[in-house]
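Position 1 is the first residue of the sequence; numbering continues from there. Read the numbers this way: they start at 1 and go in the same order the structure lists the ligands and their atoms.
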Amino acid sequence: MKIIFATGNQNKVRECHEILDGLGLSVISQKEAGLAPEVEENGTTFEENAMIKAKAVAGLAPEAIVIADDSGLEIDALNKEPGIYSARYMGEDTSYDIKNRNLLDRLKGVEEDKRTARFVCAIAVVMPGGESFTCTGTIEGYIGDEPMGENGFGYDPIFYVQPQGVSTAALSPEEKNAISHRGKAMRKMREELAKRLGEKA
Ligand code: ITT
């Protein structure tokens with residue numbers, strides 16, 4: 001059974017492979033499937049936006065299992081910004097060096113115990129025949145004072161976790177995937193797929 005990942009974000013594709021390969025599931029990206037859907041992410045929650053992306057690709061590939069990921073960073077002291085607008089924050093084409101620096105500037109003077117934040121991930125799944133469901137995962141952390149680390153992508157350099165006290169960009173891919181919002185949501189998704197597909201999953 002073919003599983004297509006409805007995303008244009010290559011970092012998500014890489015992490016998805018790292019997470020699901022170990023679980024015996026193989027996934028191809030929408031690009032590898034030759035699909036380029038038109039999607040307007042006009043939902044108001046991570047789950048809604050994930051489902052919008054999954055359904056857009058499922059409409060083009062009705063015989064496949066289609067999954068999509070909508071995710072983002074919620075910073076409590078900024079009213080949960082950038083939230084569902086994480087990719088669009090300061091413009092899609094603005095570099096993450098600039099976005100991360102901007103968020104650190106906005107948090108200047110905010111004490112460590114008020115810098116709490118979380119990554120959220122919603123994975124939407126559309127089965128052949130149209131049944132659909134979502135799985136979510138979160139990871140709690142805090143925004144550090146400075147960017148740290150070279151791994152990961154996006155907001156990883158400013159998102160710190162305990163007990164290590166380092167950013168998720170300073171963790172190895174395996175360490176990040178073991179605790180991340182995406183790792184948690186994808187492992188739940190794998191279980192849900194196994195229930196539906198039995199031995200095939
Ligand atoms: P697709 O919609 O094509 O999947 P996208 O990057 O636009 O790709 P989202 O709308 O879900 O995806 O935005 C997610 C953004 O949240 C992402 O671009 C990062 O800025 C941030 N983000 C999500 N997961 C992250 C992670 O594990 N580490 C760092 N930043 C993350």
Ion pair check, Arg187 and Glu191, cut-off under 4.0 Å =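 No, no charged N to carboxylate O under 4.0 Å.
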Are Asp69 and Arg182 close enough for a salt bridge, meaning some N to O gap below 4.0 Å?
->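 Looking at Asp69 and Arg182, the cut-off is met.
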Kindly write out the residues that satisfy side-chain contact (heavy atoms from CB on, under 4.5 Å) with Glu192, not counting sequence neighbours, or none if the list is empty.
->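 Expected list: Phe133, Cys135, Lys195, Arg196.
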List for me each residue that meets side-chain contact (heavy atoms from CB on, under 4.5 Å) alongside Glu32, sequence neighbours excluded, and say none if there are none.
->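 side-chain contact (heavy atoms from CB on, under 4.5 Å) list for Glu32, sorted by chain: Ile28, Ser29.
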Atom CD of Glu111: over 12 foreign heavy atoms under 6.0 Å =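 No, CD of Glu111 has 12 or fewer neighbouring heavy atoms, counting only those of other groups under 6.0 Å.
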If you look at each N/O of ligand 1, which protein N/O atoms lie under 3.5 Å away, and at what distance?
{"residue": "ligand 1", "atom": "2 (O)", "partner": "Glu41", "partner atom": "OE2", "Å": "3.2"}
{"residue": "ligand 1", "atom": "2 (O)", "partner": "Lys53", "partner atom": "NZ", "Å": "2.7"}
{"residue": "ligand 1", "atom": "3 (O)", "partner": "Thr7", "partner atom": "OG1", "Å": "3.3"}
{"residue": "ligand 1", "atom": "3 (O)", "partner": "Gly8", "partner atom": "N", "Å": "2.8"}
{"residue": "ligand 1", "atom": "4 (O)", "partner": "Thr7", "partner atom": "OG1", "Å": "2.6"}
{"residue": "ligand 1", "atom": "4 (O)", "partner": "Lys12", "partner atom": "NZ", "Å": "2.8"}
{"residue": "ligand 1", "atom": "6 (O)", "partner": "Asn9", "partner atom": "ND2", "Å": "2.9"}
{"residue": "ligand 1", "atom": "10 (O)", "partner": "Glu41", "partner atom": "OE1", "Å": "3.3"}
{"residue": "ligand 1", "atom": "10 (O)", "partner": "Asp70", "partner atom": "OD1", "Å": "3.4"}
{"residue": "ligand 1", "atom": "11 (O)", "partner": "Lys12", "partner atom": "NZ", "Å": "2.9"}
{"residue": "ligand 1", "atom": "11 (O)", "partner": "Lys53", "partner atom": "NZ", "Å": "3.4"}
{"residue": "ligand 1", "atom": "11 (O)", "partner": "Asp70", "partner atom": "OD1", "Å": "3.2"}
{"residue": "ligand 1", "atom": "11 (O)", "partner": "Ser71", "partner atom": "N", "Å": "3.0"}
{"residue": "ligand 1", "atom": "12 (O)", "partner": "Lys12", "partner atom": "NZ", "Å": "2.8"}
{"residue": "ligand 1", "atom": "18 (O)", "partner": "Tyr96", "partner atom": "OH", "Å": "3.3"}
{"residue": "ligand 1", "atom": "20 (O)", "partner": "Tyr96", "partner atom": "OH", "Å": "2.6"}
{"residue": "ligand 1", "atom": "24 (N)", "partner": "His181", "partner atom": "NE2", "Å": "3.2"}
{"residue": "ligand 1", "atom": "24 (N)", "partner": "Arg182", "partner atom": "NH2", "Å": "2.9"}
{"residue": "ligand 1", "atom": "27 (O)", "partner": "Lys176", "partner atom": "NZ", "Å": "2.7"}
{"residue": "ligand 1", "atom": "27 (O)", "partner": "His181", "partner atom": "NE2", "Å": "3.1"}
{"residue": "ligand 1", "atom": "27 (O)", "partner": "Arg182", "partner atom": "NH1", "Å": "3.1"}
{"residue": "ligand 1", "atom": "28 (N)", "partner": "Asp156", "partner atom": "OD1", "Å": "3.0"}
{"residue": "ligand 1", "atom": "28 (N)", "partner": "Asp156", "partner atom": "OD2", "Å": "3.1"}
{"residue": "ligand 1", "atom": "28 (N)", "partner": "Lys176", "partner atom": "NZ", "Å": "3.3"}
{"residue": "ligand 1", "atom": "30 (N)", "partner": "Tyr155", "partner atom": "N", "Å": "3.2"}

For Asp70, enumerate each residue passing the side-chain hydrogen bond (donor to acceptor under 3.5 Å, both in side chains) test, keeping only those at least two apart in sequence or located in another chain.
->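 By the side-chain hydrogen bond (donor to acceptor under 3.5 Å, both in side chains) rule, Asp70 matches Lys53.
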